[in-house]
Amino acid sequence: MSTLVYTDAASGALRARRFRIVVCAGPDAGLARVLDSGSLLIGTHSNNDLQLADKSVSRYHLELKLREGGLHVSDVGSTNGTFHGPARIQSVLFAGPARLRVGLHTEIEIFPDDIAVAVPRFAGDRFGEAVGGSPAMRALFALLERAAPTEATLLLEGETGTGKELLATAVHRLSARARGPFLVVDCGALPADLIGSELFGHARGAFTGADAAKRGLIEAADGGTLFLDEIGELPIALQPQLLRVLEKREVRPLGENRAHRVSIRIVAATHRDLAAAVRAGQFREDLYFRLAVVRARVPPLRERAGDLPLLVRHLLANLGREDFIVPEAVLSRLAAHDWPGNVRELRNVIERGVTLAMVDLDSSTTSEQGAPVGAVPRDVLERPFKEAKGLLIEAFEREYLVHLLERHRGNISRAAQEAGIDRNYIHRLVKKYGIPVERER
């Protein structure tokens, strides 16, 4: 059973959840245990983790389980009961210290005893497919490497295009769920009236057009990891259902009365300040704390300009063009750019540079052969027809979209109306090419 880790809200440090259990009254006074993972059974039978001699205690009396919010205490059907003060309890979550009476004579104290988790320096410059050698990225990689093998819910915070999906993929591959599915849901791209069905599934006849039952992505991710990108865009009406998934590990498809058990780990990502969204009433506070068990900030590219040469080499290698030489003068220009689209924007600039035999931030410049951008470079003409056509279409799409959005000052609805295409298609192209725009509210 893995350690339950979390990010301390006050210090930002990584800590491991644990509780100390001490018998403070009764025949077994002085016995103590530390619970730092999984669960602990208390009773008189020798199979218990904490065996008591008090005959008024049942053979299997009490079970304690570590949870993200504290310690879950359950009476497992004892004869003489478990009491917290005057109240007999069946199932309670304690976030802080508590004193319990077990049976007739024994009293037990539980209190938090969390410890700091050492995050060793990350030695390399790669975490999965994510690349970075700057101190900020090494610190991020070290945190994620430490959190990956645990079951802790993870929230990645950072601007669009910083590589949050790559990081989530690497976390999944380093976890015990690596052999299970890794599914991605972009909460910002799905239409509001469809996202509930996509996530939770639906029964046949649940709504107009639901001609067949549909298995939701949460259930499809059973045994693996579900990556919820742009979680801040999830409609507030659906947030209680996601909270139920996190708290009870069960999902109820739309139109069904029966809940389905699921075993998933959730990694979420957002470009928004969710804490501010909570204060503004735009995001549920209880869901936020369930998602932000471990928080990790992904720095924007402008804060780690020293990583640019490494990133450029990595992106060229991915394109199979290690031979492509980027002059120092061009690298200097790249470093001076503020990269509002972050690594995604850099990737598209590199792809365009390789395709059109140039690396330039100004789409109106000429290529190395002196031909205008509108002309087809010889390097492209020498490729197979399908590949060459695809490269030129991508170059056209990006340039057309940039100019279209510039004319409408980033307003996607007006741009879609002028171009005669669906606004969701523009959203997908914006994300594909790392074009920075303000989200419409």
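The first residue of the sequence shown is numbered 1, and numbering continues consecutively from there.
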Check: Would Phe200 and Val245 satisfy side-chain contact (heavy atoms from CB on, under 4.5 Å), going step by step from the backbone distance to the final call?
Finding: CA-CA 10 Å; Phe200 306 107; Val245 173; 4.2 Å; yes

Does any non-hydrogen side-chain atom of [Y] lie less than 4.5 Å from one of [X]?
X	Y	result
Arg321	Asp323	yes
Leu154	Leu144	yes
Leu174	Pro149	no
Val402	Glu406	yes
Ile264	Thr225	no
Leu228	Ile266	yes
Ile108	Ile42	yes
Arg20	Glu109	no

Next item on the list: Show your working on side chain to side chain donor-acceptor pair (under 3.5 Å) between His408 and Gln417 and close with a plain yes or no.
Entry: CA-CA 11 Å; His408 294 283; Gln417 187 176 12; over 6 Å; no

Verify the distance criterion only: is there a donor paired with an acceptor across the side chains of [X] and [Y] at less than 3.5 Å?
X	Y	result
Arg18	Ser37	no
Glu250	His260	no
Asp222	Ser263	no
His271	Glu157	no

State whether the side chain of [X] and the backbone N or O of [Y] hold a donor-acceptor pair below 3.5 Å, judged by distance alone.
X	Y	answer
Lys164	Val298	no
Trp339	Ala305	no
Asp8	Ala13	no
Thr270	Glu230	no
Arg138	Gly133	yes
Asp125	Val131	no
Asn342	Arg344	no

Next item on the list: If the plane angle is over 60° it's perpendicular, under 30° parallel, otherwise tilted; pick one for Phe127 and Phe141.
Entry: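 Plane angle under 30°, so parallel.
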
Compare every heavy atom of [Y] with every heavy atom of [X], then report the nearest pair and how far apart it is.
X	Y	result
Thr150	Arg265	O-NH1, 3.0 Å
Asp75	Ile89	CB-O, 3.7 Å
Pro181	Ala220	CG-O, 3.6 Å
Ala170	Gly128	CB-CA, 3.9 Å
Val5	Val293	O-CG1, 3.3 Å
Pro300	Glu159	CB-OE1, 3.7 Å

Does a side-chain N-to-carboxylate-O contact under 4.0 Å join [X] and [Y]?
X	Y	answer
Lys431	Asp229	yes
Glu129	Arg173	no
Lys214	Glu219	no

From [atom1] ([X]) to [atom2] ([Y]), nearest 0.5 Å:
X	Y	atom1	atom2	value
Lys65	Leu4	NZ	CG	13.0 Å
Leu319	His314	CG	NE2	10.0 Å
Ser39	Leu62	OG	CG	11.0 Å
Thr162	Leu156	OG1	CG	8.5 Å
Arg146	Leu14	CZ	CG	6.5 Å
Leu291	Leu274	CG	CG	7.5 Å

Heavy-atom count check: over 12 atoms from other residues, nucleotides or ligands less than 6.0 Å from [X] [atom1]?
X	atom1	answer
Glu322	CD	yes
Glu285	CD	no
Arg261	CZ	yes
Glu247	CD	yes

Check: What ring pair (Phe, Tyr, Trp, His ring centres under 6.0 Å) pairs are there with at least one residue in residues 144-181, not counting sequence neighbours?
Finding: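 Counting only pairs at least two positions apart or across chains, the ring pair (Phe, Tyr, Trp, His ring centres under 6.0 Å) contacts touching residues 144-181 are His172-Phe182.
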
Next item on the list: Could you point out which residue of Val34, Leu35, Leu100 forms a side chain to side chain contact (heavy atoms under 4.5 Å, CB included) with Ile21?
Entry: Leu35

Notebook entry, point to check: So among Leu315, Leu310, Leu311, Leu316, which one has a side chain to side chain contact (heavy atoms under 4.5 Å, CB included) with Arg313?
Noted result: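 The passing option is Leu310.
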
Item checked: Val184 vs Glu165, side-chain contact (heavy atoms from CB on, under 4.5 Å): CA-CA, chis, key distance, verdict -> CA-CA 8 Å; Val184 179; Glu165 185 174 335; 3.7 Å; yes

Checklist line | Ring centre gap for His84 and Phe94 strictly below 6.0 Å | finding: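 Ring-ring flag for His84/Phe94: true, centres closer than 6.0 Å.
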
Checklist line | Test side-chain contact (heavy atoms from CB on, under 4.5 Å) applied to Met137 and Arg304, step by step | finding: CA-CA 8 Å; Met137 291 303 289; Arg304 56 185 189 105; 3.3 Å; yes

Check: When you measure from the centre of the six-membered ring of Tyr6, is the NZ or CZ of Arg17 under 6.0 Å away and within 45° of the axis?
Finding: yes

Notebook entry, point to check: Hey, mind stepping through Arg284 and Val278 against side-chain contact (heavy atoms from CB on, under 4.5 Å) and telling me if it holds?
Noted result: CA-CA 6 Å; Arg284 286 181 64 113; Val278 168; over 6 Å; no

